[in-house]
Colleague: 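A single structure is presented below for examination.
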Amino acid sequence: MTEAPPDVLRCAYAELVVTDLAASRAFYVDVLGLVVTHEDGDAIYLRAFEEFLHHSLVLRKGEVAALAALAYRVRSAADLDLAEGYYRELGVRVERRPAGATRGIGEAVRIEDPLGFPVEFFHEAEHVERFTQRYDVHGPGALSRLDHFNIATPDVPAARDYYEGLGFRVSEDIQDDEGTVYAAWMFRKPTVHDVALTGGDGPRLHHIAFATHERHQILHICDHLGALRQSGMIERGPGRHGVSNAFYLYVRDPDGHRIEIYTHDYYTGDPDNPVITWDVHDNQRRDWWGNPVVPSWYSDASLVLDLDGRPKPVIARAEARESDVTVGADGFARTADQEGFKLGHQV
Ligand SMILES: O=S(=O)(O)c1ccc(O)c(O)c1
Ligand SMILES: [Fe+2]
């Protein structure tokens, strides 16, 4: 590569296609408590309480539930030219979008990245009121900000190399003793990740995560869904992650898109931040308390669209699947020689 990559600051917003805007609004606004920056008959623009850009999530009405864009903010407007040159040299589809192509977002470069994902780079965006201390409008489950994207992709090392080319670094990963890489967490902002790579059939969106400050806010969301008799929207957790150490909850929105609510993880900003590698057989890697990972968490993910709005074909993962190799983990007793009452089951 001769072209320099854009200087990515962080994951910044996602655009999801949803089939029922009203049902999605009830979930993302009434249950998750996101703030509506703007809404019309076609789309709702949402942000979390600490965010001052126009939105971090766009819900756009459409026929097929899918991911329309993952957007990263870059440090300056000049980085848009770098992005355009970098991706044209990579030979992928590149589009320059004028300011306002997405409400609240300035000029942008949107691509189909080498992993098959619709990705946008932008710098300018409309500023709106930051509700950090508007405790008069925070609900008991208040979310602070968008934290990360998690993408399902067949070849994790190839995806890791691609994101390292963009200046992302690995904070944690999951491997086995043959060197198969099952997942990796990569960052630009000094936290555990802006994007996580989950080995699986892809390109598909595994989840979008919002951070919140307190575990009790996650517990309130669970209680709220219970009160609505919508406990079926709770897919996994609440629990404590091994990787990242964050307290977590996964919920599924009315279209099945997966949203994670995640208390803050840890600082990774020093250049010699140690990488943590977990053994795929460690049953505390994904849940620090050793609770099993529900099968749907491994199998389900959202389709992604190309730049013409057509769903991308999904490519099967060729290497071993984590859900097939977690013998001795995911609910089993820790190791054969450890007395373990957890009988568990192989997912
Ligand atoms: O389940 S893991 O502990 O591997 C995990 C860690 C961080 C995340 O954001 C996540 O989605 C999953
Ligand atoms: Fe996550």
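Note that the numbering runs from 1 along the sequence shown for the chain. Excluded from the calculations below are hydrogen atoms, water molecules and symmetry mates; all remaining heavy atoms, backbone and side chain alike, are included. When a ligand or atom number is given, it counts from 1 through the structure's own listing order.
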Colleague: Under 3.5 Å, is there a donor-acceptor pair linking the side chains of His241 and Glu260?
Modeller: yes
Colleague: Against the six-membered ring of Trp297, is Arg236 placed for a cation-pi contact (under 6.0 Å from the centre, within 45° of the normal)?
Modeller: yes
Colleague: Is the contact between Arg236 and ligand 1 made by the side chain, the backbone, both, or neither, using heavy atoms and a 4.0 Å cut-off?
Modeller: side chain
Colleague: Within the structure, does Arg286 bring an N/O atom to less than 3.5 angstrom of an N/O atom in ligand 1?
Modeller: yes
Colleague: So Trp278 and Trp288, would you call those rings parallel, tilted or perpendicular, with 30° and 60° as cut-offs?
Modeller: perpendicular
Colleague: In His148, what N, O or S atom is nearest to the Fe ion (ligand 2), if we give its atom name?
Modeller: NE2
Colleague: Is Tyr250 touching ligand 1 with its side chain, its backbone, both, or neither, if touching means heavy atoms under 4.0 Å apart?
Modeller: side chain
Colleague: Please determine if Glu84 and Arg110 form a salt bridge, counting it only when a charged side-chain N lies under 4.0 Å from a carboxylate O.
Modeller: no
Colleague: Any N/O/S atom from His207 (main chain or side chain) under 2.8 Å of the Fe ion (ligand 2)?
Modeller: yes
Colleague: Considering non-hydrogen atoms of the protein only, which is the closest contact for atom 6 (C) of ligand 1, and what is the distance?
Modeller: Val243 O, 3.2 Å
Colleague: Decide whether an N or O pair under 3.5 Å exists between His193 and ligand 1.
Modeller: yes
Colleague: What part of Tyr248 sits under 4.0 Å from ligand 1 if we count only heavy atoms: the side chain, the backbone, both or neither?
Modeller: neither
Colleague: Check whether any heavy atom of Gly242 sits under 4.0 Å from an atom of ligand 1.
Modeller: yes
Colleague: I'd like to check which ligand 1 atoms, numbered from 1 as shown, lie under 4.0 Å from a non-hydrogen atom of His148.
Modeller: 9 (O)
Colleague: What I'd like to find out is whether the side chain of Arg169 reaches to under 4.5 Å of the side chain of Met186, using heavy atoms alone.
Modeller: no
Colleague: If you count the atoms of ligand 1 from 1 in the order shown, which ones are under 4.0 Å from a heavy atom of Ser244?
Modeller: 6 (C), 7 (C)
Colleague: Below 30° counts as parallel, above 60° as perpendicular, anything between as tilted: where do the rings of Tyr248 and Tyr250 land?
Modeller: tilted
Colleague: Kindly indicate, with the supporting measurements, whether the criterion side chain to side chain donor-acceptor pair (under 3.5 Å) is fulfilled by Tyr182 and Gln175.
Modeller: CA-CA 6 Å; Tyr182 294 88; Gln175 299 188 28; over 6 Å; no
Colleague: Say whether, by atom type as modelled, one donor and one acceptor occur between the side chain of Asp255 and the main chain of His257 under 3.5 angstrom.
Modeller: no
Colleague: Looking only at protein heavy atoms, which one is nearest to atom 3 (O) of ligand 1, and how far off is it?
Modeller: His241 ND1, 3.0 Å
Colleague: May I ask you to check if ligand 1 and Glu260 share an N or O to N or O distance below 3.5 Å?
Modeller: yes
Colleague: Atom 7 (C) of ligand 1: which protein heavy atom is closest, and how many Å away?
Modeller: Trp185 NE1, 3.4 Å
Colleague: Nearest N/O/S atom of Glu260 with respect to the Fe ion (ligand 2), by atom name, please.
Modeller: OE1
Colleague: Do any side-chain atoms of residues 156-168 form donor-acceptor pairs under 3.5 angstrom with protein atoms, and if so which ones, sequence neighbours left out?
Modeller:
unit_1: Tyr162; atom_1: OH; unit_2: Tyr87; atom_2: OH; d: 2.5
unit_1: Tyr163; atom_1: OH; unit_2: Tyr72; atom_2: OH; d: 3.0

Colleague: Pick from Arg73, Arg188, Lys189: which one makes a side-chain contact (heavy atoms from CB on, under 4.5 Å) with Leu9?
Modeller: Arg73
Colleague: Non-hydrogen atoms of His207 versus ligand 1: any pair closer than 4.0 Å?
Modeller: yes
